[in-house]
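As structure tokens, the structure follows; a few thoughts come after it.
The figures here come from the full heavy-atom set of this structure, side chains too, leaving out hydrogens, waters and symmetry mates. None of the values given here were measured: they were computed from a predicted structure.
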Amino acid sequence: MAFTLTKAVIPAAGLGTRFLPATKAMPKEMLPVVDKPAIQYVVEEAVAAGLTDVLMITGRNKNALENHFDRVGELEATLLKKGDTDRLQKVNYSTELADMHYVRQGDPKGLGHAVLRAKMHVGREPFAVLLGDDLIDARDVLLTRMIEECEKRGASIVALLEVDPAVAHMYGVATIEETDDDDVVRITGLVEKPAPGTAPSNYAIIGRYVLKPEVFEVLENTEPGKGGEIQLTDALETLAGNPENGGGVYGLVFRGRRYDTGDRLDYIKAIVQLAVDREDLGPDLRPWLKEYVGNLD
Ligand code: G1P
């Protein structure tokens with residue numbers, strides 16, 4: 001069964017309470033990481049992996065997301081008149097990036113519920129899910145490898161990161177078996193945010209999934225789990241236990257650069273790490289940062 005994946009689903013309905021008051025009137029996905037809203041990195045990643053059909057699951061207060069990926073006639077006309085082609089190109093880039101679609105989540109019943117809202121749009125094809133709090137460095141390959149493995153194994157694939165056991169309780173955690181491929185493991189069980197000290201491994205799910213459409217029927221029958229929410233992790237646990245329905249679940253172990261923008265401290269770290277590597281900012285930022293750090297007690 002060879003067919004091309006084209007669809008990406010990006011859940012973006014969360015309230016962003018960890019960034020209040022910044023997120024009082026603005027979606028957290030619009031917070032800039034250096035000079036681009038976090039959400040644009042995620043859409044660019046999907047497009048780089050060939051997924052040009054993007055469905056965003058949004059909610060109230062999220063209009064800025066739609067505006068960001070749409071034309072802004074007045075601004076374009078002003079930049080054009082000024083002959084500022086560089087900035088005009090930056091403005092147009094996000095408009096032309098992907099074929100964007102939006103659906104509102106409605107009730108905030110959790111990540112699994114948000115993904116289920118994509119059922120009609122996705123249909124009976126495998127599709128990718130990208131969570132906006134995790135940014136994957138554009139220089140490192142992840143999604144493309146996951147799509148390859150989905151096609152090769154006929155299974156759902158989740159991205160795994162080996163984390164410090166002390167933080168495993170903040171993630172969905174997998175029980176795994178090795179395969180012949182160094183970066184692929186078979187998943188035999190999954191648990192969403194296990195109590196500290198009880199995680200079955202240190203293989204944590206980071207927010208990239210390539211899923212078989214069978215996940216939708218499973219989600220429809222998944223009871224609320226951790227936090228009273230319908231958890232995607234729980235649906236994947238069911239799929240992992242029934243390989244005859246959907247081909248099972250495998251993990252792609254990511255060893256590249258991943259930035260967490262989900263809380264304030266990690267968000268600040270992500271900005272510094274990305275800015276240091278930028279050609280336009282790095283040369284000035286690096287020496288300043290060294291001096292600044294040298295003066296810290
Ligand atoms: C979600 C998932 C969790 C996963 C994490 C990755 O949790 O439920 O399984 O490990 O994303 O970022 P959240 O961080 O949205 O609470």
Exercise: identify the closest heavy-atom pair between [X] and [Y]:
{"X": "Met56", "Y": "Ala12", "answer": "CG-CB, 4.5 Å"}
{"X": "Ala275", "Y": "Leu285", "answer": "CB-CD2, 3.5 Å"}
{"X": "Gly247", "Y": "Ala155", "answer": "O-CB, 3.2 Å"}
{"X": "Val115", "Y": "Pro11", "answer": "CG2-CG, 4.5 Å"}
{"X": "Val173", "Y": "Ala168", "answer": "CG2-O, 3.3 Å"}
{"X": "Thr179", "Y": "Val184", "answer": "OG1-O, 2.7 Å"}

A quick test of your reading: do over 12 heavy atoms of other residues, nucleotides or ligands sit less than 6.0 Å from [atom1] of [X]?
{"X": "Arg278", "atom1": "CZ", "value": "yes"}
{"X": "Arg255", "atom1": "CZ", "value": "yes"}
{"X": "Glu244", "atom1": "CD", "value": "yes"}
{"X": "Glu178", "atom1": "CD", "value": "no"}

Checking side chain to side chain contact (heavy atoms under 4.5 Å, CB included) for the pair Ile10/Ile57: CA distance, chi angles, key distance, verdict? CA-CA 6 Å; Ile10 303 182; Ile57 317 294; over 6 Å; no
Is there a salt bridge (charged side-chain N to carboxylate O under 4.0 Å, His left out) between Glu66 and Lys62 once you walk through the steps? CA-CA 7 Å; Glu66 294 190 35; Lys62 299 284 181 169; over 6 Å; no
If hydrophobic clusters are built from ILVMFWY residues whose side chains come within less than 4.5 Å, do [X] and [Y] share one?
{"X": "Phe69", "Y": "Tyr93", "value": "yes"}
{"X": "Tyr209", "Y": "Phe254", "value": "no"}
{"X": "Ile205", "Y": "Val218", "value": "yes"}
{"X": "Val129", "Y": "Leu5", "value": "no"}
{"X": "Leu51", "Y": "Met100", "value": "yes"}

Under 3.5 Å, side chain of Ser156 to main-chain N/O of Lys212, donor-acceptor pair present?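 Between the backbone of Lys212 and the side chain of Ser156 there is a qualifying donor-acceptor contact (under 3.5 Å).
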With side chain to side chain contact (heavy atoms under 4.5 Å, CB included) as the criterion, how do Glu217 and Glu220 come out once you've worked through the C-alpha distance, each side chain's angles and the decisive distance to 0.1 Å? CA-CA 5 Å; Glu217 283 75 57; Glu220 278 166 343; 4.3 Å; yes
Verdict with reasoning, Glu229 to His113, per side chain to side chain contact (heavy atoms under 4.5 Å, CB included): CA-CA 8 Å; Glu229 296 187 335; His113 176 254; over 6 Å; no
Looking only at side chains, do Asp137 and Tyr259 share a donor and an acceptor under 3.5 Å apart?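 Note: Asp137 and Tyr259 side chains meet the donor-acceptor criterion.
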Please test Phe216 against Phe127 for ring-ring contact (aromatic ring centres under 6.0 Å, His included), starting from the C-alpha separation and ending with a verdict. CA-CA 11 Å; Phe216 291 125; Phe127 64 103; 5.0 Å; yes
When you measure from the centre of the six-membered ring of Tyr41, is the NZ or CZ of Lys36 closer than 6.0 Å and no more than 45° off the axis?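 Judged by the rule, Lys36 and Tyr41 form a cation-pi pair.
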To the nearest 0.5 Å, what is the distance between CD1 on Ile39 and CG on Leu65?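 Rounded to the nearest 0.5 Å, the CD1-CG separation comes out at 6.0 Å.
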Could you state the interatomic distance from CZ (Arg87) to CG (Leu80), rounded to the nearest 0.5 Å?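 So the CZ of Arg87 and the CG of Leu80 are separated by 14.5 Å.
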My understanding is that only one of Thr17, Thr23, Asp133 makes a side chain to side chain donor-acceptor pair (under 3.5 Å) with Lys28; could you say which?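 Filter result, single survivor: Asp133.
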Which of these passes side-chain contact (heavy atoms from CB on, under 4.5 Å) with Leu161: Asp134, Asn202, Ile206?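 That would be Ile206.
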Test salt bridge (charged side-chain N to carboxylate O under 4.0 Å, His left out) applied to Arg186 and Asp181, step by step: CA-CA 10 Å; Arg186 195 171 82 82; Asp181 290 322; over 6 Å; no
With Arg145, the salt bridge (Lys or Arg N to Asp or Glu O under 4.0 Å) member among Asp183, Asp182, Asp140: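 Among the candidates, only Asp183 passes.
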Assess whether salt bridge (charged side-chain N to carboxylate O under 4.0 Å, His left out) is satisfied between Glu237 and Lys226, documenting all intermediate values. CA-CA 13 Å; Glu237 151 90 356; Lys226 195 93 193 171; over 6 Å; no
Can you check salt bridge (charged side-chain N to carboxylate O under 4.0 Å, His left out) on Arg71 and Glu96, steps first, answer last? CA-CA 9 Å; Arg71 291 236 165 270; Glu96 290 156 5; 3.2 Å; yes
Could you walk me through whether Val158 and Leu252 pass the side chain to side chain contact (heavy atoms under 4.5 Å, CB included) test, one step at a time? CA-CA 6 Å; Val158 303; Leu252 199 286; over 6 Å; no
Can you classify the ring geometry of Phe19 versus Tyr267 as parallel (below 30°), tilted (30 to 60°) or perpendicular (above 60°)?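 Ring orientation, 0 to 90° scale: perpendicular.
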